[in-house]
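Some notes on the structure that comes next.
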Amino acid sequence: MRSLIAAIVVSLLAWAGQGWAQERPDVRLLVDVSGSMKQNDPNRLSGSGLELLVSLMPSGVSSGLWTFGSDVSNILPTTQVDPAWRQRALALKPALIDYQQYTDIEQAIRTVANARPASGERHLILLTDGVVDVPAPRGDKRAADAASRRRLLEELAPELAEQGVVIHTIAFSPGVDLSLVEQLSTMTGGLVTVAENPEALLRAFLDVLDRIFPVDQVPLQENRFTIDDRVDSFSALLFHEPGESGLTLIGPGGQRYSAEDHPESIQWQAQDRFDVITVTSPEAGEWRIEGEIGGDSRINIDSSLTLRTRELPTTLYQGFQTPIEAWMESRGTPLTEEQAVGLEIVAELRTTNGDVIEAVPLQRENGHYQGTLPSLETLGNARLSVTAEGEGYIRQLHQAVNILPAIEARLDEEAGRVILRSEHPRIDVDNTTIEAQLQGESLMAAPVDAKRWRIVLPQIDPNVSVPITLTARVELGGETRVLNLPDLQLNADAGTGLESVGFGDGLSGQALPGQEAPPPEQSSLADRFSTLLNRAANALPQQAQEFWEDNPRLQQYFQEHRMAPWFWLIAVIAVIVLLIVRRRRVLHRRRAVRREEPHV
């Protein structure tokens with residue numbers, strides 16, 4: 001990974017600048033160096049991610065670098081990106097492992113967003129494990145964390161959205177507070193991704209930069225792409241297996257070019273995991289690539305004939321349609337009806353693997369092409385693509401999107417209630433009613449504030465697992481929409497085994513079609529028991545977690561003896577005891593829950 005990052009520093013400069021000269025927003029990198037990152041970023045992806053993102057940043061934009069934990073430090077002031085800036089940024093990597101005790105995300109975002117110049121288009125790229133952890137020397141720690149989290153979502157994020165500040169979040173761990181980072185990003189129009197390996201990290205950075213610096217592309221299919229006579233240059237970013245490049249670029253006339261043999265008009269940087277090839281004044285026709293390349297490979301172009309769209313959304317909502325508008329321009333002027341003869345524009349929603357979920361042809365109306373993506377039932381990360389194909393040319397724009405529920409529901413079994421929160425900006429308690437069905441009983445949701453509801457659950461047999469069905473009726477624009485929210489399972493652990501007692505694998509979402517989960521890696525018995533202990537620790541009360549974190553000798557003893565058979569016998573017994581205690585505590589709280597009248 002280190003060799004990959006170092007290579008990108010030099011190699012992607014030419015590719016990064018391809019087609020990105022029109023707009024120069026202010027991009028601010030904010031890197032988490034809190035103590036929790038030691039556990040939530042064990043592969044040190046934050047450092048690798050910093051280097052990768054610095055390398056991909058286009059020359060000429062304004063950018064700065066901050067770190068945060070207990071304090072916020074501007075280790076690289078905002079200046080114009082150039083080779084000297086990149087060199088200074090890369091020299092700061094040791095600062096990313098200078099861990100601090102707390103994770104004050106609120107202070108960090110507030111400080112960086114308002115740093116001078118505090119005007120114009122600003123994009124914050126937040127690299128974090130996304131867990132609020134603020135100091136509370138003379139107060140309730142949980143209350144302090146909850147208050148900071150609440151200010152982030154209810155005060156700071158809306159304020160930044162009004163100022164045009166966009167927060168893109170790249171999280172490094174399934175331990176992330178996904179609800180927090182999703183809301184921060186969606187409220188400000190940004191992207192959110194969880195990246196647990198180098199491949200996902202690379203894709204996340206490319207998605208963010210595609211969002212900030214959109215650029216026309218041409219399709220790359222079966223190692224072939226077509227260049228028309230109005231393309232001034234193209235830049236190919238081609239990924240391949242480590243050490244297995246040997247790529248050959250073949251021109252329309254059969255000319256063969258390689259990293260070792262190419263004219264001065266072609267810039268070619270060959271690295272361990274990718275090649276970057278830039279060709280100016282390319283010959284029109286079909287070009288081919290000989291060799292194995294990865295699915296994230298792409299061809300950026302610079303041309304006088306460009307594809308334009310209304311701003312594509314970063315978030316699509318389950319159960320809602322998405323309007324799309326696009327058109328073609330020649331040297332900044334929209335094509336006339338005569339010039340657009342034969343032009344077809346199609347919008348497609350694809351999985352991150354490239355499988356088509358929905359495809360909608362756009363119809364010409366008043367010089368532009370318009371259409372609507374139908375409402376979606378799936379959740380997750382996806383890509384929204386617009387393809388324009390006319391006589392002798394083709395153009396594409398790709399943007400990453402998040403597909404979220406319009407209303408998110410969370411079951412709080414210990415408190416005996418369901419908490420619901422509106423994710424959609426137009427849904428609130430004034431235009432929406434929510435009803436639950438539990439064992440034939442109808443339960444109405446009571447408003448908590450402008451965007452949240454609560455359903456108080458009756459007592460039921462804790463040994464019986466039952467579904468909770470949720471339905472929302474939304475009045476928007478004079479129309480009534482009925483949204484069927486995902487079912488919740490009450491007492492999901494009833495009668496189940498050890499693996500199911502509240503110790504899931506962290507983040508789990510409904511995958512988009514074609515987005516298969518990767519196969520689990522092989523691990524030793526000790527590693528599996530270690531994972532189980534970590535899950536158990538996460539289920540303990542806050543005081544127990546703090547006891548573990550504040551006792552490095554205990555952690556060291558665990559590491560030194562983790563391979564001894566006798567140690568794991570004791571560990572298994574400890575886990576069982578913890579589960580029994582937790583189970584009894586849950587049952588006790590359920591018995592103690594009394595039905596209360598819903599109130600605001």
Side-chain angles (χ1 to χ4, degrees), residues 1-21 48-61 63 81-83 85-87 89-90 198-199 201-210 212-221 223-227 231-251 255-283 287-303 396 398:
M1 186 67 183
R2 288 179 179 271
S3 60
L4 166 65
I5 300 301
I8 292 180
V9 174
V10 177
S11 308
L12 291 184
L13 295 181
W15 178 80
Q18 185 76 25
W20 286 353
S48 300
L50 168 66
E51 292 185 337
L52 181 58
L53 195 56
V54 166
S55 305
L56 290 173
M57 197 73 67
S59 296
V61 305
S63 187
V81 173
D82 57 20
W85 183 94
R86 298 178 198 276
Q87 186 175 5
L90 293 172
E199 291 73 23
L201 186 67
L202 173 62
R203 183 181 295 116
F205 289 146
L206 292 175
D207 287 345
V208 169
L209 291 177
D210 278 345
I212 302 174
F213 308 103
V215 58
D216 278 6
Q217 300 180 20
V218 295
L220 175 59
Q221 299 175 332
N223 288 29
R224 298 169 182 266
F225 60 96
T226 300
I227 296 297
V231 173
D232 298 321
S233 65
F234 72 79
S235 187
L237 175 60
L238 308 176
F239 294 97
H240 51 73
E241 290 297 319
E244 298 182 10
S245 174
L247 299 179
T248 299
L249 179 65
I250 304 174
Q255 311 94 323
R256 299 174 65 87
Y257 309 109
S258 67
E260 296 78 20
D261 184 13
H262 58 269
E264 292 184 358
S265 60
I266 296 179
Q267 300 177 28
W268 193 312
Q269 295 88 36
Q271 301 298 338
D272 186 49
R273 293 176 180 261
F274 63 89
D275 285 16
V276 180
I277 310 169
T278 302
V279 180
T280 56
S281 302
E283 181 181 354
W287 291 71
R288 293 183 292 131
I289 300 163
E290 197 172 85
E292 295 291 331
I293 59 175
D296 285 317
S297 300
R298 56 189 62 192
I299 311 295
N300 288 351
I301 64 168
D302 185 16
S303 171
Q396 286 187 326
H398 302 286

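What you see is a predicted model, and the numbers here were worked out from it, not measured in a lab.
No side-chain heavy atom of Arg298 sits less than 4.5 Å from a side-chain heavy atom of Val215. Between Phe213 and Val61, the closest side-chain pair of non-hydrogen atoms falls below 4.5 Å. Contact of the Ile293 side chain with the Asn223 side chain is registered, since non-hydrogen atoms from C-beta on lie closer than 4.5 Å. Contact check for Arg86 versus Ser59: side-chain heavy atoms found under the 4.5 Å cut-off. Inter-residue side-chain proximity for Leu247 and Ile277 is flagged as unmet; no heavy-atom pair is nearer than 4.5 Å.
The line from NE2 of His398 to CG of Asp216 is 9.5 Å long, rounded to the nearest 0.5 Å. Note that CD of Gln221 and CD1 of Ile299 are 11.5 Å apart. Values are rounded to the nearest 0.5 Å. The CG atom of Leu237 lies 10.0 Å from the OG1 atom of Thr278; values are rounded to the nearest 0.5 Å. With rounding to the nearest 0.5 angstrom, the CG atom of Asp82 is 10.0 Å from the CD atom of Gln87.
With 3.5 Å as the limit, one finds no donor-acceptor pair spanning the side chains of Thr248 and Ser258.
Qualifying salt bridge (charged side-chain N to carboxylate O under 4.0 Å, His left out) partners for Asp296, counting only residues two or more places apart in sequence or in other chains: Arg203. The salt bridge (charged side-chain N to carboxylate O under 4.0 Å, His left out) test applied to Arg224 returns Glu286, not counting sequence neighbours.
A donor-acceptor pair under 3.5 Å is formed between the side chain of Ser297 and the backbone N or O of Phe239. Looking only at distances, a side-chain donor or acceptor of Trp85 sits under 3.5 Å from a matching main-chain atom of Ser63. Side-chain N or O atoms of Asp275 include none that pairs as donor or acceptor with a backbone N or O of Trp268 at under 3.5 Å.
Listed here is the closest heavy atom pair of Ser235 and Val276: OG-CG1, 4.2 Å. The nearest pair of heavy atoms linking Glu283 to Gln255 is OE1-NE2, 3.1 Å. Of all heavy-atom pairs between Glu290 and Ile250, the closest is OE2-CD1, 3.8 Å. Closest heavy-atom contact between Thr280 and Ser233: CA-CB, 3.9 Å.
Ring geometry for Phe234 versus Trp287: interplanar angle over 60°, hence perpendicular rather than tilted (30 to 60°).
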- Given the rule in the side-chain contact (heavy atoms from CB on, under 4.5 Å) test, do Val279 and Leu249 qualify, once you have shown the distances and angles that lead to the verdict? CA-CA 11 Å; Val279 180; Leu249 179 65; 4.2 Å; yes

